[in-house]
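Proteins come first, then strands; the chains are lettered A, B, ... in the order of their sequence lines, and each starts at number 1.
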Amino acid sequence: MISAHKNMLGIINKIQLSIGDLSDGIGVSQRQLRYWEEKGYIKPIADNEKGVRRYSFLMVGRCAQIKDFLDEGYTLTKAYEKTIEDEQKRKVFRNFIFNQGGNFTINVTDKEHSYGEIDLGAKCEGKELFGVVDKNGVRYELR
DNA sequence: GTTCTGACA
DNA sequence: TGTCAGAA
């Protein structure tokens with residue numbers, strides 16, 4: 001029996017959007033989406049029957065980020081490069097989070113703003129390393 | 001009604 | 001990139 005939680009990953013990967021929904025959803029024209037595909041920046045789901053494009057959760061996120069960089073003034077090429085860089089960095093981050101052993105101890109300090117303190121389970125100079133997020137932002141502390 | 005490809009201002 | 005055509 002697999003937990004419902006673990007099934008979430010599978011469900012998320014089943015989410016597929018039509019080009020119309022993706023276009024309307026992130027404010028990028030269908031013409032642009034097809035052009036980005038032509039440039040090799042995005043790729044619809046492989047098993048697209050009847051020649052109709054379907055986009056995965058990953059692609060939706062990628063398109064949204066490219067769009068944001070575009071709005072910030074970057075050229076399409078730069079927007080794509082920055083997006084891929086971020087994607088790769090996120091993979092490393094997830095790898096770190098999921099492989100650190102699940103030993104983070106988190107203390108919620110403010111439910112309203114999702115502030116809290118995370119015991120990173122690491123020693124530094126004989127003290128415990130904490131990650132803190134509060135109204136002042138994010139920082140590290142040794143206690 | 002939606003999506004596809006190709007073509008052109 | 002927008003937009004239109006003609007077909008699926």
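Contact between the side-chain N/O atoms of A/Ser18 and the OP1/OP2 oxygens of B/dT3 is found at a separation under 4.0 Å. For C/dG2, one of the phosphate oxygens OP1 or OP2 lies less than 4.0 angstrom from a side-chain nitrogen or oxygen of A/Ser29.
Put simply, CD on A/Gln30 is 5 Å from P on B/dT3, counting in whole angstrom units. Atom CG of A/Leu22 and atom P of B/dC4 are 11 Å apart (whole Å). Between the P atom of C/dG2 and the OH atom of A/Tyr35 lies a distance of 12 Å, rounded to the nearest Å. Protein atom CG of A/Leu76 is 12 Å distant from nucleotide atom P of C/dG2, rounded to whole Å. Per the geometry, CG belonging to A/Leu33 stands 16 Å off P belonging to B/dT2, to the nearest Å. Here B/dT3 presents its C1' atom at 8 Å from CD1 of A/Ile19, a figure rounded to the nearest Å. Following rounding to the nearest Å, A/Arg53 (CZ) and B/dT5 (P) show an atom-to-atom distance of 4 Å.
A donor-acceptor pair is defined here as one N or O able to donate and one able to accept, closer than 3.5 Å; such a pair exists between the side chain of A/Asn13 and the backbone of A/Leu9. Between the side chain of A/Arg62 and the main chain of A/Tyr41, a donor-acceptor pair closer than 3.5 Å is present.
Comparing A/Arg31 and A/Gly20 against DNA chain B, the residue whose closest nucleotide sits nearer the 5' end is A/Gly20.
For A/Arg34 against B/dT5, no side-chain N or O and base N or O form a donor-acceptor pair under 3.5 Å.
The aromatic rings of A/Phe69 and A/Tyr74 sit perpendicular, their planes meeting at an angle over 60°, well past the 30° parallel limit.
Screening A/Arg53, A/Gln32, A/Lys43 for a side chain to side chain donor-acceptor pair (under 3.5 Å) with A/Glu37, the sole residue that qualifies is A/Arg53.
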